[in-house]
Chemist: 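Sharing a structure with you now.
Just so it is clear, the model here is predicted, and its values are computed rather than measured. No hydrogens, no waters, no symmetry mates; every other heavy atom, side chains included, goes into these values.
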Amino acid sequence: MFFSLRKSIDGQFYFLIKANNDEVVATSETYKRKESALHTINAIKNGIDGETDVIDVTDI
């Protein structure tokens with residue numbers, strides 16, 4: 001997988017997470033600052049705690 005950092009037509013930044021076959025796996029929200037988008041990318045790259053809760057609201 002890899003990240004593709006992009007700039008939207010309104011000047012905000014967002015990123016795509018893409019599989020090695022270039023398929024889009026996820027799209028981020030938009031950020032006013034490029035540094036904020038990069039910070040989120042780095043947080044994802046560094047991983048999160050495996051004990052993080054998953055809240056399933058699909059049955060609500």
Side-chain angles (χ1 to χ4, degrees):
M1 280 195 322
F2 62 94
F3 293 87
S4 177
L5 182 61
R6 297 168 179 238
K7 193 172 188 178
S8 63
I9 59 173
D10 66 356
Q12 294 193 53
F13 299 90
Y14 68 100
F15 60 88
L16 304 175
I17 301 175
K18 297 182 106 180
N20 289 335
N21 66 358
D22 214 37
E23 181 179 343
V24 175
V25 176
T27 303
S28 75
E29 63 182 311
T30 55
Y31 300 86
K32 291 182 180 179
R33 296 177 45 233
K34 183 177 182 178
E35 295 79 13
S36 297
L38 290 170
H39 176 75
T40 302
I41 288 171
N42 286 326
I44 293 169
K45 286 172 61 175
N46 289 331
I48 59 173
D49 181 355
E51 298 299 315
T52 301
D53 292 332
V54 175
I55 300 170
D56 183 352
V57 295
T58 58
D59 292 330
I60 295 177

Chemist: To the nearest 0.5 Å, what is the distance between CD on Glu29 and CD on Gln12?
Modeler: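 That separation rounds to 9.5 Å.
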Chemist: For a quick test of your reading: what N or O donor-acceptor pairs under 3.5 Å do the side chains of residues 33-41 make, sequence neighbours left out?
Modeler:
unit_1: Thr40; atom_1: OG1; unit_2: Tyr31; atom_2: OH; d: 3.2
unit_1: Thr40; atom_1: OG1; unit_2: Ser36; atom_2: O; d: 3.2

Chemist: So, taking the atom named CD1 in Ile17 and the one named CD1 in Ile44, what distance separates them when rounded to the nearest 0.5 Å?
Modeler: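 CD1 of Ile44 is found 4.5 Å from CD1 of Ile17.
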Chemist: List, by chain and then residue number, the residues other than Val24 in its hydrophobic cluster (Ile/Leu/Val/Met/Phe/Trp/Tyr, side-chain heavy atoms under 4.5 Å); write none if there are no others.
Modeler: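 Same cluster as Val24: Tyr14, Leu16.
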Chemist: side-chain contact (heavy atoms from CB on, under 4.5 Å) with Asn21: which residues, sequence neighbours excluded?
Modeler: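 side-chain contact (heavy atoms from CB on, under 4.5 Å) list for Asn21, sorted by chain: Ala19, Glu23.
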Chemist: Show, in sequence, the C-alpha distance, side-chain angles and deciding distance for Phe2 and Val25, and conclude whether the side chain to side chain contact (heavy atoms under 4.5 Å, CB included) test is met.
Modeler: CA-CA 10 Å; Phe2 62 94; Val25 176; over 6 Å; no
